[in-house]
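Note on naming: letters A, B, ... go to the chains in the order of the sequence lines (proteins, then strands), and numbering restarts at 1 for each one. Because the structure is a prediction, the values reported are computed rather than measured.
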Amino acid sequence: MDYYLVTEDSIDITESLTMIDDPRTGAQAIFLGTVRNEYNGRQSLGLYYDAYPAMAHARIKKIGEALKQDFAISHVVIIHRIGELPVGAASVLVAVSAPHREAAFAAAKAGIDRVKQEVPIWKKEHWADGPSEWHDDPSHSGNIK
Amino acid sequence: MDYYLVTEDSIDITESLTMIDDPRTGAQAIFLGTVRNEYNGRQSLGLYYDAYPAMAHARIKKIGEALKQDFAISHVVIIHRIGELPVGAASVLVAVSAPHREAAFAAAKAGIDRVKQEVPIWKKEHWADGPSEWHDDPSHSGNIK
Amino acid sequence: MSNAQITVLFFSFAADRMNAREKIYELSTPVSIQEFFHKNLSASLKEPLESWLFSVNEEWVDPQYHLRPGDALAVVPPVSGG
Amino acid sequence: MSNAQITVLFFSFAADRMNAREKIYELSTPVSIQEFFHKNLSASLKEPLESWLFSVNEEWVDPQYHLRPGDALAVVPPVSGG
């Protein structure tokens, strides 16, 4: 089955694998994004993810449906966690199953690329040594592109 | 940590993710191979995996070490299950963690490609409608390349 | 909400600059997002119109879209999910 | 195992054709894998020398390798893991 979720709960990887499970598929490619302890060399204590939940869910679903059109894959799960996330926590999962591995890898890669570019979700970096800052805020300190 | 295993036990994905976990990594790419219910259109009941265990383990370790040389990744886990595997069972896992997703995907893809080409492991297809056959046996029925 | 009102949603640093995640505005006359932005939002949001994306009722729209009573307009900064 | 013996390991369809996963052979004189193959294995394994890979003591070797007493030679079909 396909499944799309924007949630404040932790991401259940085992359950996601069960959802893409299919006896016709031999290849599962999974991307898991986690919160890092640094950004551009500056220490971070974690991230806060803001979202426009209804649009984020709709966009994630649209991305999943496009992946099924564009690649020879069988099932897709995309989950994005929002809210306060400590270092090490999983923020995003893209899992696809396919008969063959080339399509599985290509779809998982395209899926996470599109999630990062298109889904209305924003992250705020909790710096260890200063005030928290939103990514891509033009008025920030310069540590975030 | 890095971890390499050839085993008759089922593959523990959650444990593998714990092994590649690292606060410096933001990207985990995982490939999971599972036993399909068909091969080239012919129905299958499962696979038997034969191995030269000591060489298979050494080769898998060598592949993992090469991935760490060739890609900007932090940790690698490669596990290959052998023995009798029913349809749906996981036969192989390649999991890598990296600061960034491009390296994680490229390394996981290269890893599974090399596992399939270089590791002394052989599979026998249990056809639903006829005698079992080894893959790549020149004297087989023609259903396996 | 009266018939002549719209809801405006703010996210990320737009919410910080507006000191609000949601505001109600009166629509006195039909206006485009662009006109509405310059009249009501520009001073607080600071960044120019081109810095933002806009959606109305959860669909992306361009700044020429004419707001209608009851619309939910969202002011969307560059996304940074993942 | 006497000093003049080697062990030969067979896998996959090589094991089926030899009806064994492991056999002990006497090494009367020093021989290359190629010579050993043609004398002892070729008839049962059926496929020509070029169809197989060989390892000795878990290292890949070519058919010109000269077998030594105590060696563990493996006859390795094309791999098909994954």
Side-chain angles (χ1 to χ4, degrees), chain A residues 11-18 20-41 43-47 74 85-113 115-116 123 125 128, chain B residues 11-18 20-41 43-47 74 85-113 115-116 123 125 128:
Chain A
I11 295 174
D12 188 329
I13 297 146
T14 307
E15 195 186 18
S16 302
L17 287 171
T18 304
I20 59 168
D21 195 27
D22 187 320
R24 292 165 299 177
T25 64
Q28 283 69 232
I30 302 113
F31 179 82
L32 190 69
T34 50
V35 177
R36 299 167 65 208
N37 66 359
E38 65 95 20
Y39 187 86
N40 278 356
Q43 202 190 339
S44 172
L45 305 176
L47 290 169
S74 303
L85 270 70
V87 168
S91 57
V92 61
L93 173 134
V94 177
V96 306
S97 60
H100 302 291
R101 69 189 184 281
E102 291 78 9
F105 272 109
K109 179 71 165 61
I112 184 61
D113 287 349
V115 165
K116 284 173 176 270
K123 61 189 170 208
E125 199 85 39
Chain B
I11 295 174
D12 189 328
I13 297 146
T14 307
E15 196 185 17
S16 301
L17 287 171
T18 304
I20 59 168
D21 195 25
D22 188 318
R24 293 165 300 178
T25 64
Q28 284 67 234
I30 303 114
F31 179 83
L32 190 69
T34 50
V35 177
R36 298 168 65 208
N37 65 1
E38 63 95 20
Y39 187 86
N40 279 357
Q43 202 191 335
S44 172
L45 305 176
L47 290 169
S74 304
L85 271 68
V87 169
S91 56
V92 61
L93 173 133
V94 177
V96 305
S97 61
H100 301 292
R101 68 188 186 282
E102 291 75 11
F105 272 109
K109 177 71 165 61
I112 184 62
D113 287 349
V115 165
K116 283 174 177 267
K123 60 188 170 213
E125 198 84 38

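Of all the listed residues (B/T14, B/L17, B/D21, B/V35), the one sharing the greatest number of non-hydrogen pairs under 4.5 Å with chain A is B/L17. Top candidate by heavy-atom pairs under 4.5 Å with chain B, chosen from A/A29, A/A27, A/A95, A/G88, is A/A27. Among the candidates A/L93, A/D22, A/T25, the residue making the largest number of heavy-atom pairs closer than 4.5 Å to chain B is A/T25.
Between B/F105 and A/F31, the ring-plane angle classifies as parallel under the 30° and 60° cut-offs.
You'll find the side chain of B/K109 stays beyond 4.5 Å of the side chain of A/K109, heavy atoms only.
A/T34 OG1 to B/R24 CZ: the interatomic distance, rounded to the nearest 0.5 Å, is 12.0 Å. To the nearest 0.5 angstrom, B/E102 atom CD is 7.0 Å from A/D113 atom CG.
Only the side chain of A/V87 comes within contact range of chain B, with at least one heavy atom under 4.5 Å from a heavy atom of that chain. The parts of A/A108 that come within reach of chain B are both its backbone and its side chain, each placing non-hydrogen atoms under 4.5 angstrom from that chain.
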